[in-house]
Amino acid sequence: MNKRDAISPTLMVQIIIGINALFFVISLILSGKQANFSINPFHALSPSLNALIFMGASGVTPIQQYHQWWSLITANWLHGSLIHILFNMAALFHIGRLIIMTYGIHRMVMIYTLSGVAGFYLSYVAHVPITIGASASLCGLIGAAFYYGKTQGGPFAKMVLDTTRGWILSLIIFGIALPNINNWGHGGGLASGFLMAWLMGYIEKRDETRLHKLLAWLCGAVTLITLGWVLLSALRALI
């Protein structure tokens, strides 16, 4: 992390987790009686499909029927159940801090944002009906970590490479074994994260530039404006 960065890796990741948690709670409140309170751990505390589409789920249905292209951004901040968000946020807490330490906060923001967009766009092209979750962005971070481990060298980079290989293998196994896993989103996020890491480099190769910071602020601004608009729409629906 650049010494001039005002936000620590942990705080940055906690902010992202906090926004995810906020949108999960609001999606449950919007769902009302349609929310699923099943004791089944895979479905416990699941927002309704209507609430998720209203708040920006992505895929063929929201984009083609409702013209919600902005869902390529918002879907990244929505989750389908309690276990879904807990699993993703636990992964983010570890991989997010690693990417900030190796790439810097601004490049991490770019990778997280754009790999999510890439994953959801590929899902749309592949005709996935409805999709949500931070998995595409997480896979983008994993792709960036894999690039770092593959190209940097040294014991720490080897540890990162071995860890990311394990994560990628887990993604493949879960993608085959479990239903409703968006493998297109995972693959699109992973490939775009690797590509962006190759284009931008990491701290040991190249310090963050003004262009990185400008693009990161742009990604952050577009995301916050879009999420803010969705949040206001949700609050109006609740009042």
Side-chain angles (χ1 to χ4, degrees), residues 8-32 34-59 71 73-100 108-109 111-113 115-116 119-120 123 128 130-145 163-164 166-190 193 223 227 230-231 234:
S8 69
T10 299
L11 179 57
M12 185 67 198
V13 171
Q14 287 174 340
I15 290 172
I16 296 174
I17 292 174
I19 297 174
N20 276 276
L22 173 64
F23 273 73
F24 180 67
V25 171
I26 292 175
S27 67
L28 283 173
I29 295 173
L30 274 177
S31 300
Q34 292 182 338
N36 190 337
F37 295 95
S38 168
I39 60 173
N40 184 327
F42 290 100
H43 300 289
L45 289 180
S46 298
S48 69
L49 186 60
N50 288 335
L52 291 173
I53 292 176
F54 178 80
M55 293 192 67
S58 194
S71 66
I73 294 175
T74 53
N76 191 46
W77 304 85
L78 299 172
H79 290 85
S81 67
L82 180 61
I83 196 171
H84 188 198
I85 188 171
L86 288 178
F87 183 85
N88 278 349
M89 295 304 99
L92 174 62
F93 187 74
H94 295 287
I95 187 66
R97 293 184 300 165
L98 171 64
I99 296 303
I100 291 174
M108 182 272 189
V109 169
I111 294 168
Y112 189 82
T113 303
S115 58
F120 287 121
S123 302
V128 176
I130 295 176
T131 178
I132 54 171
S135 300
S137 289
L138 288 171
C139 286
L141 299 182
I142 292 172
T163 301
T164 51
W167 286 336
I168 293 171
L169 179 61
S170 297
L171 286 169
I172 294 172
I173 293 173
F174 283 129
I176 295 173
L178 297 179
N180 301 320
I181 298 294
N182 183 2
N183 293 309
W184 291 103
H186 289 176
L190 191 69
T223 299
L227 293 180
V230 170
L231 184 59

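Quantities reported herein were computed from a predicted structural model and do not represent experimental measurements. Note: hydrogens, waters and symmetry copies are ignored here, and every other heavy atom, side chains too, is used.
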statement: When rounded to the nearest 0.5 Å, the distance separating CG of Leu169 from CZ of Phe174 is 10.0 Å
- prompt: Do Leu52 and Ile130 come close enough that some side-chain heavy atom pair is under 4.5 Å?
  reply: no
query: Side chains of Leu92 and Asn88: does their closest heavy-atom pair fall under 4.5 Å?
result: no
query: If you look at every heavy atom in Ser46 and Leu28, which pair is closest and at what distance?
result: C-CD2, 3.9 Å
query: Between the side chain of Ser58 and the main-chain N/O of Thr131, is any donor-acceptor distance below 3.5 Å?
result: no
- request: Taking the side chain as every heavy atom from C-beta outward, state whether Leu171 and Cys139 have any atom pair closer than 4.5 Å.
  value: yes
Shortest non-hydrogen separation from Ala51 to Ser27 and the atoms involved: CB-O, 3.7 Å
message: Is the shortest side-chain heavy-atom distance between Asn76 and Tyr112 below 4.5 Å?
response: yes
task: Starting at CG of Leu141, measure out to CG of Leu190 and round the result to the nearest 0.5 Å.
output: 10.5 Å
- prompt: Is Trp77 close to Thr223 at the side-chain level, that is, under 4.5 Å between some pair of heavy atoms?
  reply: yes
- prompt: Closest heavy-atom contact between Ile132 and Ala57?
  reply: CG2-CB, 3.4 Å
message: As an exercise, state the distance from CG of Asn183 to CD1 of Ile176, rounded to the nearest 0.5 Å.
response: 8.0 Å
query: At what distance, to the nearest 0.5 angstrom, does OG of Ser137 lie from NE2 of His186?
result: 10.5 Å
task: Look up atom CG in Asn20 and atom CE in Met89, then write down how far apart they are to the nearest 0.5 Å.
output: 3.5 Å
- prompt: In this structure, which one of Leu82, Ile29, Leu78, Ile19 forms a side-chain contact (heavy atoms from CB on, under 4.5 Å) with Phe24?
  reply: Leu82
message: Would you say that Phe37 contacts Leu45 through its side chain, given a criterion of any heavy-atom pair below 4.5 Å between the two side chains?
response: yes
field: His84 versus Ser135, closest heavy-atom pair with distance
entry: NE2-OG, 4.4 Å
task: Would you indicate whether Trp167, at its atom CH2, is surrounded by more than 12 heavy atoms from other residues, nucleotides or ligands within a distance under 6.0 Å?
output: yes
field: Where Ala136 and Gly185 come nearest, the two heavy atoms and their spacing
entry: CB-O, 3.6 Å
- request: Answer whether the closest heavy-atom distance between the side chains of Phe93 and Thr10 falls below 4.5 Å.
  value: yes
query: Rounded to the nearest 0.5 Å, what separation is found between the CD1 atom of Ile95 and the CD1 atom of Ile100?
result: 10.5 Å
Closest non-hydrogen atom pair, Ile111 against Gly193: CG2-CA, 4.2 Å
- prompt: Side-chain contact, heavy-atom cut-off 4.5 Å: Met108 with Ile16?
  reply: yes
field: Backbone N/O of Ser31 and side chain of Ser48: donor-acceptor pair under 3.5 Å
entry: no
message: Can you confirm whether more than 12 heavy atoms, excluding those of Asn40, are under 6.0 Å from its CG atom?
response: yes
